[in-house]
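Below, all heavy atoms of this structure are taken into account, side chains as well, without hydrogens, waters or symmetry copies.
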Amino acid sequence: MAFPRSPILCCLLACLLGAWLLAGNAQAQEIPSRKDSLAAPTDTIRQKFDQRVMDNLREISQRKTIMGKLLKAILVFDRKDEEVLGLDAELIQREYERHNYKVVRNIQIMTLDALGYSIHDTTRVPRSFLEKAGNSLHMKTRRHLVRNKLLFERMEPLEPLALVESERLLRQTEYLLDARIIVDERTTTEDSVDVLVITKDIFSLGGSGSYSPSSGAGKVALRELNFLGLGHQIRGSYRFNMDAPRSWETTAGYTVENIGNTYITADINYFDQNYYKERSAFLRRDFFATNTRYAGAVGASKIDERLLLPPVPEDTIQRFADLGYQRQDGWLGRSFKFKSYNLGYEPRGRLITALRVINTNFYTKPTENFQDNVLGIASLGYSVRRYYKDRYLYGFGRTEDVPAGVLASISYGYEHGDLFKRRYFGLDLSFARYNKDFGYLYGRAGYGSFIKGGTWEQGMLELESLYFTRLYENGNWKLRHFILGRGTIGVNRNPEELLSINNEEGLRGFRSDLLRGNRRVVINYEANLYTPFSLFGFRLATLAFADVAWLSYGNKSSPFKSKPFPGFGVGIRFRNEYLSFSTIQILVGYYPKIPANENFNNLRIYESSRSYFEFEDFRFKQPGIAEFR
């Protein structure tokens, strides 16, 4: 949805992008310094540059001009990052191994409210009226919710990995900003320990919205991530005045986590959109920790959607066909750990077996390629999971867990349908490495296909890689680069199974109703500069991106035989880590190549609340058919 163009917004964007270019230019001239006496002048130069940029903007903010008043009203110049120890890409591996198998004598849990408190400085308290008022509207997380997340208990021996895995699970809880689990070394003995657990909430009630004055279209979304402090999540959204067959859409969802301290989660979802409707309910339990033995899920769904039909050269509007089905789904997995002769160390490698059964009944079929069927899939996998602590990846200073390791799986299935029967074969391999100097490198290759009468059909080859650099720091400015490469190659796919290069699937901000294919290659680059500025309490970052996508149609086609579709852009991103609001991005994108038969605008200003890059964890997930999208 187009974001309303505003002179104030453009001025702010221009100022921040100017600062981004200045800092980026200084960063490009940075020479890695040695850890000796020669490093001091380089650090002084960086500090002088950082201070010079801040002083110039502060001076502008004091002028009685429109720009000066704007900067003074929205920017905070005295923000300082909290000092955080032990977060220089620290590996979460043997952090507390000297305490393995000691008895946990006491567990003290401290839960901090959302605003004005610090997990790194527990003496800090709310001072401003807004912080105190915000906390009065927030229901603090109850201690038993934190206790139920812990993988260790009072008066029980402390298993290997229990402390670090518990801290990671708390940190990945949506209604918690951060968590620390600390062993009290002052009271530790040879056979027992006291443990302190500190968690900090986010302001769990939040939402987002957008509105375009030119069309009158908009969207409102609300969510409560910690209803009444019980950990229940409620989500809902409503779109209106849409330029679509129906002018409105709505979605709703309800989630209850860790029912009865079993790590079983219940999900209820409802989607009523123009081209997709879903009603579903599931109970699920993941391999949430390295030493989790059992995982699985059971549920049912009813889905109606409209499939985009294959394009023909003379098409000027989209052509659709209706699809409707009911599905019952269930799976169960078992993890086996390898024997270790070192009582103080638990190996992270796990061998996993799983079985899944899916029953699908179609009540609306667009083509003869859809049949009622029962699909059974068995998988065998091997998983090694490690985690690192770092900051300024997707957040703006909070602690983030970076997954690394290896995941390999092989799947075999059989589909029994009312029209035909066929087998399924799948193979998947992924890995990731992280080094505080080199950065993060992730790679994945996967292939899956049905086999009918000796013919391989509805196959898909997926290739993916992600690299991001270490964090470059120049005073209070921080810079990181991201590169993502993806390839999706359809093999003997059905004609109605199509790929696009819209938004997250290819070029961010790109929208084409007609451009489709079944073989796609995409490369995305992004540079993020985290600034020391705040906008009404929201931390500010600027970004620049360059995307390129190749798309072809035909089971024997090559994406590289046609000219690619490029996209370039810049933007600003802001987020308040203490609130549950999504990250807000305002982007300007330029797309030189226009799809045929479409009235496509080369330049687009739009907003987004979703990060373009995501980590893939190395948890073993349910066996299944890879989604072709």
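The salt bridge (Lys or Arg N to Asp or Glu O under 4.0 Å) check on D286 picks up R284, R619, with sequence neighbours excluded.
Rounded to the nearest 0.5 angstrom, E249 CD and N274 CG are separated by 4.5 Å. In this structure, CZ on F565 lies 7.5 Å from CG on L551, to the nearest 0.5 angstrom. The distance from the CG atom of D329 to the OG atom of S301 is 7.5 Å, given to the nearest 0.5 Å. Rounding to the nearest 0.5 Å gives a distance of 8.5 Å between OH of Y590 and CG of L603. For the atom pair OH (Y276) and CD1 (I303), the distance works out to 3.5 Å, reported to the nearest 0.5 Å. The distance from the CG atom of L484 to the CZ atom of F545 is 14.0 Å, given to the nearest 0.5 Å.
T173 places no side-chain N or O within donor-acceptor distance of the main-chain N or O of Y175, the cut-off being under 3.5 Å. Looking at T469, its side chain does come within 3.5 Å of a backbone N or O of H481 through a donor-acceptor pair. S237 places no side-chain N or O within 3.5 Å of a backbone atom of V220 that could act as its donor or acceptor partner. Between the side chain of S383 and the backbone N or O of F618, at least one donor-acceptor pair lies under 3.5 Å. Side-chain atoms of R604 come within 3.5 Å of backbone atoms of G509 as a donor-acceptor pair (strictly under, hydrogens ignored).
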Next on the checklist: Assess the residue pair I451 and F425 against the criterion (side-chain contact (heavy atoms from CB on, under 4.5 Å)); give the C-alpha distance rounded to whole Å, side-chain angles, the decisive distance to 0.1 Å, and a yes or no.
Outcome noted: CA-CA 8 Å; I451 309 168; F425 174 79; 4.3 Å; yes
Item to check | Working for side-chain contact (heavy atoms from CB on, under 4.5 Å), residues V402 and D390 | outcome: CA-CA 7 Å; V402 183; D390 208 345; 4.2 Å; yes
Next on the checklist: side chain to side chain donor-acceptor pair (under 3.5 Å), that's the test. Do D178 and T399 meet it? Break it down for me.
Outcome noted: CA-CA 7 Å; D178 207 343; T399 306; 2.9 Å; yes
Item to check | side chain to side chain donor-acceptor pair (under 3.5 Å) evaluation trace for D267 with T255 | outcome: CA-CA 5 Å; D267 289 305; T255 299; 2.8 Å; yes
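Remark: aromatic rings of F560 and W550 are close, center separation under 6.0 Å. Ring centroid separation for the pair F468 and Y442 does not come in under the 6.0 Å cut-off. For Y382 and F620, the ring centers are positioned 6.0 Å apart or more. Ring centroid separation for the pair Y424 and W456 does not come in under the 6.0 Å cut-off. Ring centers of Y392 and Y472: at least 6.0 Å apart, outside the cut-off.
With F370 as the aromatic partner, K365 does not meet the cation-pi criteria of under 6.0 angstrom to the ring centre and within 45 degrees of the ring axis. Judged by the 6.0 Å and 45° rule, R423 forms no cation-pi pair with Y414.
By the 4.5 Å heavy-atom criterion applied to side chains, Y275 and P245 are counted as neighbours.
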Without placing hydrogens or testing angles, list every side-chain donor-acceptor pair under 3.5 Å for residues 494-502, not counting sequence neighbours.
residue	atom	partner	partner atom	Å
E496	OE2	T367	OG1	3.4
E496	OE2	N369	ND2	3.3
E497	OE1	R493	NE	3.1
E497	OE1	N494	N	2.8
E497	OE2	Q458	NE2	2.7
E497	OE2	R493	NH2	3.2
S500	OG	N502	N	3.4
S500	OG	E505	OE1	2.4
N502	OD1	S512	N	3.0
N502	ND2	S512	O	3.0

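One side chain, T360 or R327, offers a donor N or O that lies under 3.5 Å from an acceptor on the other.
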